[in-house]
Structures are given as C-alpha cells and as structure tokens.
Amino acid sequence: MVAALLITAAFAACLGLVLLWLPATQRREDILAERINELLPQTQCRRCTFDGCLPYATAIARGEAGIDQCPPGGDTTAAALATLLRRERRAVDPQYGVMPVYPAVAVIDETTCIGCTKCIQACPVDAIVGGSKFMHTVIAADCTGCELCIPPCPVDCIDMRPAPAGMQQFPPLMAAR
Amino acid sequence: MGARIRGGLTLDANKTRSTRLALRAATVPERLILPLDQHAGAPSRPIVQPGDAVLLGQPIAEPQGDISAWLHSPVSGTILSSPPPPAGEGQGGGDGGTAAPHPNLPPQAGEGARSIVIANDGRDARYAQSPVDYPSLSAADLRAHIARGGIVGLGGATFPTAAKLARSADVDGIHLLLNGAECEPWISCDDMLMRERAADVVFGARILKHATGATQCTIAIEDDVPQAEAALRSALRETNDIAISIQRDIYPAGGERQLILAITGREVPSDGLPADIGIVVQNVGTAAAAARWIRDGEPLISRIVTVTGAGVSEPANLEVRLGTPVASLIADCGGYVADVQQLIMGGSMMGQALTSDQLPVVKAMNCIIAATAADLQPRGAEMPCIRCGDCAQVCPATLLPQQLHWHAQAGDLANLERYGLMDCIECGCCDYVCPSQIPLTQRFREAKPALLATLRARRDATTARAHYEARGDRLQRIEQEQRTRLEEKRRHLAGRKS
C-alpha cells in the first residue's frame with residue numbers, strides 16, 4: 001500500500017518536473033532570440049538565408065545558425081553576438097554577401113516604372129508606396145537598403161543610391177552666447 | 001517660481017568696450033558672399049543664375065526639406081557666381097553627404113564654391129514685398145510667412161524659426177520666452193538692439209506670440225544691461241501682455257535650457273524639446289528680424305554684429321548686411337591696432353577661430369573678437385586628470401565631465417550615452433576651470449558624431465523592426481481571412497448539394 005503510494009507520488013513528481021521544464025526552455029529560447037534580435041540591424045534583407053532578422057535570431061537561439069551570417073551588421077554585430085553568446089569571435093562569412101561601403105537606399109526611376117506592384121510586395125518594411133498601374137516610389141527614410149525589391153522588378157527600374165544625408169548636424173544645442 | 005541654474009561661472013563680461021559707441025550701419029561692400037548653409041539643417045538651393053540681376057530682399061536660394069531656410073539678396077546688383085546643384089541630388093534631401101564641419105561657420109578656403117556671390121550696384125533698389133497685417137493671419141499662415149523671410153534663430157544656433165515655432169503648434173498655453181540674456185563675454189549685440197530698437201523687439205514678440213498661440217510672454221535679460229531694460233520698459237509702457245524678467249549675470253544663463261529653468265523652475269527633459277513642457281524660446285534678435293519682415297517687408301538680410309577685442313581700434317556694434325567680409329567690419333571700426341593673434345567668431349567661451357578676415361558675415365555671426373595675446377587665455381600643456389571634480393561643480397547641464405572625458409578617450413559609446421554626452425551644451429565651463437588644462441569641450445564635440453550615428457542607427461532599426469512586424473501581422477491576417485472565406489464558401493456549397 002505504502003509502496004504503491006510512493007511509486008505513484010514519484011511518478012507524478014517526475015511528470016510535474018518535465019511539464020515545468022518544457023515551457024521553461026521554450027521561454028528561455030524566446031528570451032534569447034529577443035536579445036539576439038536586438039543586436040541585429042533590422043535590415044530584413046534575408047542575406048542570412050532566413051526570412052528576416054527575427055527568424056535568423058530564433059535560428060541562432062536554437063543553435064541552427066552561425067553568428068557570421070549578417071553582412072549589414074558586419075563585424076560589429078558579429079562581435080556583439082559573440083559576446084552575448086560567449087562564443088569565439090569571427091568575421092562575417094563573405095558567402096552571405098558584401099554590403100556597399102556607404103549606406104544606400106533604393107530609388108525607383110519613376111519614368112520607367114510600369115506600376116506592377118511586385119517591388120511593393122517584396123519590400124519587407126513597407127517602404128514603397130504606389131498602386132497597381134500607378135507609379136511607385138520609395139520612402140527613403142524607411143528604406144533599409146535590403147535590395148529585395150531589385151530582382152522582382154520586370155523593367156529593372158530600381159537602383160541603389162547613397163542615402164540622403166538628411167539632417168546633417170545635431171539638434172540645436174544652445175541658443176546661448 | 002524660477003530656480004537658480006546649476007553650475008555656471010561668473011566671468012569678466014568685457015562688454016562695455018563695444019557699447020560706448022551708438023549702433024550704426026556698416027559699409028556695404030562691392031562684393032558679397034552668401035554661403036548656402038548659414039542655418040541649421042539642409043543647405044538652401046540656389047534659384048538664381050550667374051548674370052541675373054537681383055534686387056535688395058529678392059530670394060536667391062530656397063529651402064530644401066523641412067529644416068532649411070530661404071536666403072535673400074542683401075543688396076541690389078548682379079549675381080557673379082552661383083553653385084550648380086550638387087551631383088547625385090534626386091530625392092530632395094540634403095546634398096549627397098558633403099557635411100560641413102559646422103553649419104554656422106562661413107565656408108573655409110576651398111569650400112567657397114558653395115556660396116552665391118553678388119556684385120553690389122550701390123542703388124539698394126528694393127524687391128517689392130508688401131508688409132503683412134499679421135493679426136489677420138492664422139498661426140500656421142504666419143509661420144509660413146516667417147519662413148519666407150529667411151528668419152532663423154539669431155542667438156547662435158540658427159535653427160529655422162518657423163520650424164521651431166511649428167513644434168509648439170499642437171501645444172496649448174505656450175509660454176514664449178524671448179532670450180535677451182546675453183551671457184557670454186564680449187558679445188553686446190542684443191544689448192545694443194534692445195537699447196536702440198526696443199520697439200522692434202516688442203513688436204516681434206507680439207508676432208511670435210501670435211505665431212505660437214502663446215498665452216504668456218516674458219523677455220529675459222541680465223542684470224547688467226540697465227539701459228536695455230529702461231528702453232524695453234518704455235516700449236512696453238501702458239501694456240501688460242509682455243513681462244520682463246531680470247536674471248543674474250552668470251554664464252551660461254542664456255542657454256535655452258538654463259534660461260527655462262531659471263524663469264519657470266522647470267527642466268526640459270533630456271530627450272525632449274522645450275515645447276514638450278509648453279515653452280518656446282526665441283532670441284530677441286530673431287523677434288526684431290521677424291518684426292522687420294512683417295512690418296517693413298524686409299527679409300533677414302542684415303544683422304547686428306559686435307566688433308570688439310583689444311586688436312581693433314574703435315570697438316562697436318554694427319548693423320551689417322550678410323555677406324560682408326569681416327575685414328570690412330574691422331576697417332569700419334578703425335582697423336587693427338595691435339598684434340592680433342586670432343579672429344574669433346562668437347564670444348570667448350563658445351566662439352570659433354576664423355581662418356581669414358575675408359570670410360563673410362553669416363546669419364550666425366553675433367560677434368567678432370580681434371583678440372590680442374592679452375585677450376586670449378593662455379593655455380598650458382594638457383596634463384592628466386587629477387579627479388578634482390571642479391568640472392562637475394560648474395557644469396550647467398549637471399553632467400560629470402571627468403567621467404565623460406574618461407569614456408571619450410576609451411571610445412566607449414555605451415558609457416558616453418549613459419553619462420549623457422548628448423546633453424552637453426558645449427558651454428566651455430569645464431575647460432575654463434580644469435586645473436589640468438584638458439580641452440574637455442573639444443573632446444566632447446569630437447565624440448558626439450560617433451554617438452549620434454549609433455543613436456540614429458538604433459532609431460532606424462527600431463522603425464524598421466516595427467514596420468517588419470506590422471507587415472508580418474498583416475500578411476498573416478490576410479491569409480487567415482482568405483482561409484476563413486474559402487471555408488465558408490465550401491460549407492455553403494456543401495449545404496446546397498445535400
């Protein structure tokens with residue numbers, strides 16, 4: 001009788017522990033993915049072969065991807081990831097692509113654009129506006145320079161150009177004299 | 001209500017040298033040079049061609065983007081040269097990354113190509129611009145009109161006035177502060193302006209009040225300008241819409257955030273703007289410029305410049321057309337007398353050395369100091385920081401300059417951010433008291449761009465992430481909706497068959 005009780009209790013305890021542990025790993029993985037994602041440049045360019053920065057972060061957290069697959073983040077991001085994950089530092093693997101030396105944004109040649117909306121569907125950050133059979137244009141401030149819009153364009157009217165400089169200086173610091 | 005500003009220094013004002021003579025107009029030169037980046041923000045875009053005839057007050061360059069300004073011809077004459085639009089310009093945002101080292105500085109040698117040069121015909125024939133009855137305009141229309149006058153903040157930051165006023169557009173119960181607290185040594189142009197043109201300042205104050213919808217307006221001056229105070233009081237006689245507040249003469253009492261603290265007792269959040277706490281600060285010179293534009297139809301084509309220092313014979317305040325070479329002002333003030341070591345634009349604390357006296361007067365130029373060896377504070381060799389903490393005592397932004405210095409040397413951006421580098425107003429108080437003669441302000445100025453780039457990259461990443469996530473949610477929702485619709489249709493068809 002006592003033995004039966006003990007066996008049942010032990011079995012229940014084991015089951016309980018397993019049930020507690022399962023979601024905890026799940027949660028730990030999510031938290032890690034979130035922290036990795038915070039280090040990624042959010043270019044959403046898919047050069048890492050995943051569908052965006054968060055999927056790549058999740059893959060790293062699960063141990064399914066290396067930390068050297070993010071060209072836009074460059075060696076800075078790779079180093080930050082190495083520190084976070086306590087892994088050996090390594091440079092970005094050039095097989096995942098090389099970034100232009102200056103920050104670039106996509107520019108649509110509006111005279112050539114036929115309004116096919118293919119680039120709009122390709123843009124991961126909704127930085128292209130336009131309607132079917134109407135001219136499209138890129139919102140330069142929102143463009144991350146991922147280049148995903150370039151291959152789908154049937155008339156090759158999208159070009160990468162240096163990002164506009166915008167506000168070139170600090171906010172006014174002092175009106176004093 | 002007000003609070004004492006923290007830190008700060010009591011300095012030799014050296015202001016009386018330049019206030020002995022009355023304000024007068026400077027000689028207008030034969031040739032004027034007008035840089036296109038005389039204001040904070042994107043440079044203006046020229047709208048004239050070489051050979052064009054222009055009239056006094058005619059627009060010669062238009063703003064590019066939201067933070068930019070109009071530029072007008074200060075004389076009538078002919079355009080000698082005007083830079084072609086920069087290459088690679090397409091999306092109308094800035095000029096391809098040719099960032100000037102400091103937008104308020106006139107172009108140094110080699111950068112002269114980014115200026116419009118005008119030959120003066122000496123007739124001063126005016127461009128037709130009728131005065132405006134400002135109370136009949138809405139606040140937004142008035143702001144747009146102020147923008148067309150090329151008005152920028154004349155206190156030194158040259159931030160386009162209309163853009164600054166627009167930031168307070170949605171805020172109720174604005175308190176407009178007119179900054180006449182000219183705290184930096186040597187400079188006396190605002191003092192002189194208030195003494196001789198108090199009516200302009202008051203009229204301008206009412207214009208700015210209308211443009212912001214302010215319910216309260218205060219003119220702040222320091223306690224060492226009794227004549228300016230008397231002039232303002234007489235201009236404000238029999239009215240009670242504008243108050244005068246006298247501040248203790250302490251440097252930097254005229255800093256925007258310091259002035260707000262001193263007058264209202266409130267602090268502007270580190271990541272916020274004065275408008276966030278219902279305050280707009282404008283310089284008194286800006287108000288006077290707005291008055292001339294609205295009342296006389298004269299855009300910002302001239303400003304008052306203090307010409308002073310032991311190196312110039314008769315220090316004075318001059319009303320100068322923009323584009324006049326500094327050498328011409330020196331000649332107006334009797335020429336150089338002693339061995340001038342350095343020409344400084346601005347005051348002795350925040351001023352910048354000029355490389356040549358052929359550089360033109362720009363909207364930001366409030367003062368020229370022809371400094372002799374006696375005027376300059378001798379600076380010894382830099383020594384290691386001894387951690388005395390004097391810099392932290394005088395910092396008006398309540399930062400810890402010795403810690404910032406430490407982290408700036410290490411290039412530690414994370415700690416520079418944590419210790420508030422971006423809150424540094426570059427007033428120079430820490431430099432002034434440092435017993436080890438460390439050029440702290442210069443170090444901070446050099447460290448800012450890297451930190452700013454990081455902060456900007458982080459902001460862009462946050463936006464991109466939000467857009468990416470919103471798009472993901474949307475695509476998922478659309479897919480879900482399509483599936484539901486298909487399901488419903490199937491069920492409907494199945495129901496019909498049976």
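Quick note on labels: first sequence line is chain A, next is B, and so on, each numbered from 1. Keep in mind that the numbers below use all heavy atoms, side chains included, and drop hydrogens, waters and symmetry copies.
Between Ala461(B) and Pro41(A) the shortest heavy-atom distance is CB-O, 3.7 Å. Heavy atoms only, all atoms of each residue included: Gly52(A) and Tyr468(B) are closest at CA-OH, 3.5 Å. Contact between Val125(A) and Ala464(B) at its shortest, heavy atoms only, is CG1-O, 3.5 Å.
The distance from atom CZ of Arg471(B) to atom CD of Gln121(A), rounded to the nearest 0.5 Å, is 9.0 Å. Going from atom CG of Asp460(B) over to atom CD of Gln42(A) covers 11.5 Å, rounded to the nearest 0.5 Å.
Considering only heavy atoms from C-beta on, Arg465(B) comes within 4.5 Å of Asn37(A) through its side chain. In this structure, the side chains of Asp126(A) and Arg474(B) come closer than 4.5 Å at one or more pairs of heavy atoms.
Only the backbone of Cys123(A) comes within contact range of chain B, with heavy atoms under 4.5 Å apart.
Counting non-hydrogen atoms of neighbouring residues, nucleotides and ligands closer than 6.0 angstrom, the CZ atom of Arg90(A) reaches no more than 12 such neighbours. Counting heavy-atom neighbours within 6.0 Å of Glu64(A) CD, excluding the residue itself, gives a total above 12. Within a 6.0 Å radius of CG in Asp109(A), other residues, nucleotides and ligands contribute more than 12 heavy atoms.
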